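To keep things clear, I will list the structure first and then write my remarks on it.
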Amino acid sequence: MTKKALITGITGQDGSYLAEFLLEKGYDVYGMVRRTSTVYYERIQHIQDDLNLIQGDLSDQTSLNSAIRAIQPDEVYNLGAQSFVPTSWNQPVFTGEITALGVTRILDAIHTVKPDTRFYQASSSEMFGKVREVPQSEETPFYPRSPYGVAKVYGHWITVNYRESYDLFACSGILFNHESPRRGLEFVTRKVSFNVAKIKLGLSNELRVGNLDAQRDWGFAGDYVQAMWMMLQQDEPDDYVVATGKTHSVQRLLEVAFSTVDLDWQDYTVQDERFMRPAEVDLLVGDPAKAYTKLGWEPEVSFEALIQMMVEADIARLQKDPQHRGFTVKA
Ligand code: NAP
Ligand code: G4F
């Protein structure tokens, strides 16, 4: 029988890669989309005819119960969230509603309507925040540094709790930063790749960024969605860190991105206070040993190849359309 999967957050970066991956595996793929006055699903345009899109919202219990009842999914991937860390200081309550309580709502819909559904929760390395050890593994205690990180800790523990309370097959993937040419423009890798492309093409001459010293463990989103699926194919539900095990500073990101187009980052980069955060996560580096040994997962795309891929994709886009604004208007 053809398996059915429901993805919340299908219009986002990960949702689009996961949808492609599940379609290739032969799934019937359902995606939850929010009602908007203008319908524009740029990341899934190319596969939209193969998807079943249904309206719903993580703030609305009725819509979640109805979705589970109508679809009767074998697997649910909860990728929907307010996912941008700085926004979480401006909209902490909204972030909690969607990124934290939204997880309870979808888990409860599954528990009430179809408890044999397998569930994936998109947890985050932001939960480690002010890190208690290096590298961070499934055993590392959490110390979140933003309302987003706090909301993700709640989402993580409620997933564990529903697994232990109701015997749900619920897994939490603690994913470190993963990027792609489909990344939103507000995140630092895409902000850099997009602006490097503009500078190279003579459309701009400056890039303003915040903290250059922050270090992240950056991987490729296309690799990471495979780990999500692998978690739901195991005999037992569990939690897994998904990371490359290597970390790089924002400054190194700039060096690599500018060198891709034979430019020197120092000639174009300006540090701007506006992009500094009230509390920073200084160093993230994951230990993916459990994902490697138990799931057989390992990343394929290196940091350098990822950044090159992103810069090249942005150059191609801007050559086609110099007015291109990326996937989001907020830079
Ligand atoms: P993204 O590109 O920002 O996508 C977020 C998705 O959530 C969008 O489809 C968005 O829909 C949807 N969404 C927002 N509010 C919603 C609501 N109220 N109800 C239903 N859906 C809603 O994020 P991403 O990078 O793909 O990340 C996917 C998930 O993984 C998120 O939960 C994120 O927090 C988590 N995560 C990401 C990373 C990473 O490095 N990318 C690392 C760890 C964890 P609209 O298009 O309508 O806005
Ligand atoms: O790209 P970022 O905005 O990603 P951040 O905050 O690490 O969050 C992303 O990864 C998380 C996983 O750890 C996800 F859970 C979350 O949903 C999201 O996908 O910032 C990365 C680093 C930060 O330390 C930030 O201070 O880059 C630093 N940075 C320096 N200049 C900047 C900038 N970040 C942004 N967004 N813009 C800048 O100009």
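Keep in mind that what you see is a predicted model, and the values were worked out from it rather than measured. Order of appearance sets the numbers: ligands from 1, and atoms from 1 within every ligand.
- Side-chain contact between Met231 and Val242: present, with at least one pair of heavy atoms (C-beta onward) separated by less than 4.5 Å.
- Remark: distances from the non-hydrogen atoms of Arg182 to ligand 1 are all 4.0 Å or more.
- Backbone and side-chain nitrogen or oxygen atoms of Leu58 are examined, and one is located within less than 3.5 angstrom of a nitrogen or oxygen of ligand 1.
- Residue-ligand proximity: Glu126 is placed with every non-hydrogen atom at 4.0 Å or more from ligand 1.
- At least one heavy atom of Tyr148 sits less than 4.0 Å from an atom of ligand 1.
- Considering only non-hydrogen protein atoms, atom 6 (C) of ligand 1 sits nearest to Gly9 CA, 3.6 Å.
- When the heavy-atom distances from atom 18 (C) of ligand 2 to Phe187, Trp218, Phe84 are ranked, the shortest goes to Phe187.
- Ionic pairing of Arg145 and Glu126 is not present here: no N-O contact between side-chain nitrogen and carboxylate oxygen is shorter than 4.0 angstrom.
- Contact annotation: for Gln13 versus ligand 1, heavy atoms closer than 4.0 Å belong to both the backbone and the side chain.
- Ligand 1 has no N or O atom lying under 3.5 Å from any N or O atom of Gly56, backbone or side chain.
- Phe169 has its ring centre no less than 6.0 Å from the ring centre of Phe119.
- Looking at Ser83 against ligand 2, both its backbone and its side chain come within 4.0 Å, counting heavy atoms.
- Of all the heavy atoms of Lys152, none lies under 4.0 Å from any atom of ligand 2, so neither backbone nor side chain is involved.
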message: Checking Tyr292 against Trp297 for the ring pair (Phe, Tyr, Trp, His ring centres under 6.0 Å) test, could you report, in this order, the C-alpha distance in whole Å, the side-chain angles of both residues, the deciding distance, and whether it holds?
response: CA-CA 5 Å; Tyr292 180 71; Trp297 177 87; 9.1 Å; no
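- For atom 10 (C) of ligand 1, the closest non-hydrogen atom of the protein is Thr11 OG1, 4.0 Å.
- Evaluated by nearest non-hydrogen atom to atom 11 (C) of ligand 2, the leading choice among Ser124, Ser123, Gly12 is Ser124.
- In Arg183, the part holding a heavy atom less than 4.0 Å from any atom of ligand 2 is the side chain.
- Asp217 has no carboxylate O lying under 4.0 Å from a charged side-chain N of Lys246, or vice versa, which leaves the two without a salt bridge.
- The closest protein non-hydrogen atom to atom 48 (O) of ligand 1 is Arg34 NH2, 2.6 Å.
- Using a 4.0 Å cut-off between heavy atoms, Lys191 contacts ligand 2 through its side chain alone, with no backbone atom that close.
- Asp314 and Arg317 are joined by a salt bridge, as a carboxylate oxygen and a charged side-chain nitrogen come within less than 4.0 angstrom of each other.
- Residue contact check for ligand 1: Met32 places no non-hydrogen atom closer than 4.0 Å to it.
- Taking a cutoff of 4.0 Å between a charged side-chain nitrogen and a carboxylate oxygen, Arg182 and Glu20 qualify as a salt bridge.
- One option in Ser16, Gly12, Ala81 has a heavy atom closer to atom 7 (O) of ligand 1 than any other, and that option is Ala81.
- Taking a 4.0 Å cut-off on heavy atoms, Asp57 registers as neighbouring ligand 1.
- A centroid separation of less than 6.0 Å is found between the aromatic rings of Phe220 and Tyr17.
- Here the heavy atom of the protein found nearest to atom 30 (O) of ligand 1 is Ala122 CB, 3.4 Å.
- For atom 41 (N) of ligand 1, the closest non-hydrogen atom of the protein is Arg183 NH1, 3.2 Å.
- For atom 40 (O) of ligand 1, the closest non-hydrogen atom of the protein is His178 N, 2.9 Å.
- Glu139 has no carboxylate O lying under 4.0 Å from a charged side-chain N of Lys290, or vice versa, which leaves the two without a salt bridge.
- At least one heavy atom of Ser123 sits under 4.0 Å from some atom of ligand 1.
- For atom 29 (C) of ligand 1, the nearest non-hydrogen atom from the set Ile44, Leu64, Val225, Leu79 comes from Leu79.
- Applying the 4.0 Å criterion to heavy atoms of Ser83 picks out, from ligand 1, the atoms 1 (P), 3 (O), 23 (O), 33 (C), 34 (O).
- Put simply, the side chain of Thr99 never gets that close to the backbone of Ala151: no donor and acceptor are under 3.5 Å apart.
- Shortest contact from atom 43 (C) of ligand 1 to any protein heavy atom: Leu175 O, 3.1 Å.
- Evaluated by nearest non-hydrogen atom to atom 5 (P) of ligand 2, the leading choice among Ile174, Asn177, Val209 is Asn177.
- Of all atoms in ligand 1, listed by their number and element, those nearer than 4.0 Å to a heavy atom of Ile98 are 15 (N), 16 (C), 17 (C), 18 (N).
- Between the choices Val188, Asn195, Leu253, the shortest heavy-atom distance to atom 27 (O) of ligand 2 belongs to Val188.
- Ring pair Tyr143/Phe128: centre-to-centre distance not below 6.0 Å.
- Remark: minimum distance from atom 26 (O) of ligand 1 to any protein heavy atom is reached at Asp14 N, 2.8 Å.
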